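Worth saying up front: this structure is predicted, and the values here are computed from it rather than measured. Counting starts at 1 for both ligands and their atoms, following the listed order.
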Amino acid sequence: MDGATALHQLVDTSNRLVSRRIFFDEDIFREEIRRIYARSWLFVGHESQIPEPGDYITNYMGEDPVIMVRDRAGAVRVFLNSCRHRGMKVCRNDFGNTKTFVCVFHGWSYSTDGKLAGVPYQKEAYGKRLDTEKWGLLEVPKVTSYGGFVFANWDAGAPSLDDWLGNAKYYLDITMERPLGGVTFLKGTQRYRATSNWKLMAENFAGDSYHLPYSHGSVYRLNIRQISPVTYTSAPALHTVTADNGHCFTSIAFENERFEADMNEAREYTEEVRAYLEKCRARLVERLGEDRANIYALGFGNIFPNLAFNNFSALRPMGFYQAHPKAPHEIEMWQWCAIDRDAPEAVKEMVRVDFTRTQAASGIAAQDDAENFEQVTEATRGVIGQTLDFNYQMGLEAPGEPHPLHPGRVAPYFSENNQMNFYTRWAEMMAEPAAEVVQ
Ligand code: FES
Ligand SMILES: [Fe+2]
């Protein structure tokens with residue numbers, strides 16, 4: 001990257017144009033892994049996935065594989081999933097429970113607090129020359145849990161997670177607090193590869209309400225439960241909210257529309273389901289006050305850089321998504337379905353079915369999106385295609401206003417303010433020095 005001027009040309013915030021180069025240029029990709037992924041608070045997993053000592057899951061931070069483990073003393077730690085001997089992955093499972101991580105290459109083993117605990121034939125092979133104290137797993141220096149969501153940051157000098165999330169927490173609290181038994185991730189991770197830059201997925205969740213009626217038009221015409229009981233056509237008072245530090249919310253309703261839609265739908269269900277919804281809302285009022293209870297469910301959005309989510313209702317899944325960057329034009333989507341542990345069984349079942357039907361790799365919505373991203377890539381990566389810009393001018397005339405009750409900049413539903421918020425933050429971080437990689 002050759003300085004702020006070049007970045008300014010790639011992301012032109014005044015005219016709302018973004019160069020197609022940032023999605024396909026190998027050098028830019030390498031720089032964003034160093035300047036963004038090595039310095040951002042990245043979601044690594046949810047505490048409900050590792051309730052017991054020794055429980056672990058694996059994930060990625062940028063291109064680096066990591067293990068999130070609850071150590072024998074109960075602390076949540078995150079390590080680079082790479083043996084200190086010759087770099088082999090020390091954990092090759094998606095999740096499990098263990099006393100030690102044993103490397104399958106030569107057999108070094110590590111305890112759940114990362115210490116090098118065993119070296120085969122240590123005396124014969126090394127004598128006294130191996131200082132095992134120095135060769136434990138590399139631990140991510142900053143790990144913070146917020147509402148059970150574990151974020152980690154390789155940059156020891158990074159601001160706190162609180163500062164990083166800024167006013168986005170005001171909205172995220174709603175998802176954390178509404179479930180009576182807490183947000184609970186179902187076991188397992190759904191994964192698929194797509195030929196796409198990671199930012200296409202992130203910006204889609206950040207603010208692309210405009211593609212819904214068109215790309216997902218077939219979903220609306222099917223006689224099935226819709227993933228969002230409140231749509232733009234049923235309640236035109238949906239909004240985008242542009243939050244701090246590149247975080248974005250789309251499809252927010254401020255006037256209790258989402259709760260009312262849930263209650264309306266629940267007339268078809270049992271009294272238990274209706275009572276459950278009332279309790280969820282009452283809990284929000286008690287914990288966060290009436291104004292935030294009136295928001296009730298966030299719609300969809302993206303926490304910078306790549307934690308996307310959707311939740312339209314207490315009767316629908318809480319979906320969480322990470323587009324892991326693998327190459328400039330390749331992602332691996334990792335996605336999870338979360339439920340309220342204390343929801344009635346009928347609701348849990350509805351949630352599982354709806355997640356599978358819409359956002360799973362073979363779901364109706366995910367396939368529409370992946371097809372778009374792959375064809376954008378195909379049509380954009382050529383030498384001529386790379387000379388053009390993408391257009392984000394929707395919202396130039398309505399760049400967003402403060403709301404009298406809620407933080408962030410609030411704008412109409414059809415808007416590309418959030419995408420520009422995302423790319424403005426991207427350009428800022430790309431202009432800042434790369435992180436000193438910790439050791
Ligand atoms: S690479 Fe792990 S023991 Fe050699
Ligand atoms: Fe979509």
(message) Heavy-atom pairs closer than 4.0 Å: do any link ligand 1 to the side chain of Phe105, the backbone, both, or neither?
(response) side chain
(message) If we count only N and O atoms by modelled type, under 3.5 Å, do the side chains of Glu428 and Trp426 hold a donor and an acceptor together?
(response) no
(request) Measuring from atom 4 (Fe) of ligand 1, name the closest N, O or S atom belonging to His85. (result) ND1
(message) Between His216 and Asp368, do the side chains contain a donor N or O and an acceptor N or O under 3.5 Å apart?
(response) yes
(message) Tell me the protein heavy atom at minimum distance from atom 4 (Fe) of ligand 1, and give that distance in Å.
(response) His106 ND1, 2.0 Å
(message) Ignoring hydrogens and geometry beyond distance, is a side-chain donor-acceptor pair present between Tyr276 and Asp340 at under 3.5 Å?
(response) yes
(request) Name the orientation class of the two ring planes belonging to His106 and His85 (parallel below 30°, tilted from 30 to 60°, perpendicular beyond 60°). (result) perpendicular
(message) With a 6.0 Å cut-off on the ring centroids, do Tyr37 and Trp154 count as close?
(response) no
(request) Report, in ascending order of atom number, the atoms of ligand 1 lying under 4.0 Å from any heavy atom of Cys103. (result) 1 (S), 2 (Fe), 3 (S)
(message) Quick check on contacts: which atoms of ligand 1 are under 4.0 angstrom from a heavy atom of Trp108?
(response) 3 (S)
(message) At less than 4.0 angstrom from any non-hydrogen atom of Gly107, what atoms of ligand 1 do you find?
(response) 3 (S)
(message) Phe43 and ring pair (Phe, Tyr, Trp, His ring centres under 6.0 Å): which single residue from Tyr60, Tyr146, Phe149 fits?
(response) Phe149
(message) To 10 degrees, how wide is the angle NE2 (His216) to the Fe ion (ligand 2) to NE2 (His211)?
(response) 90°
(request) Could you confirm whether Asp369 has any N/O/S atom lying under 2.8 Å from the Fe ion (ligand 2)? (result) yes
(message) Out of all atoms in ligand 1, which are within 4.0 Å of some heavy atom of Arg86? Include the element for each.
(response) 1 (S)
(request) Take the angle between the ring planes of Phe300 and Phe312 and call it parallel below 30°, perpendicular above 60°, tilted in between. (result) tilted
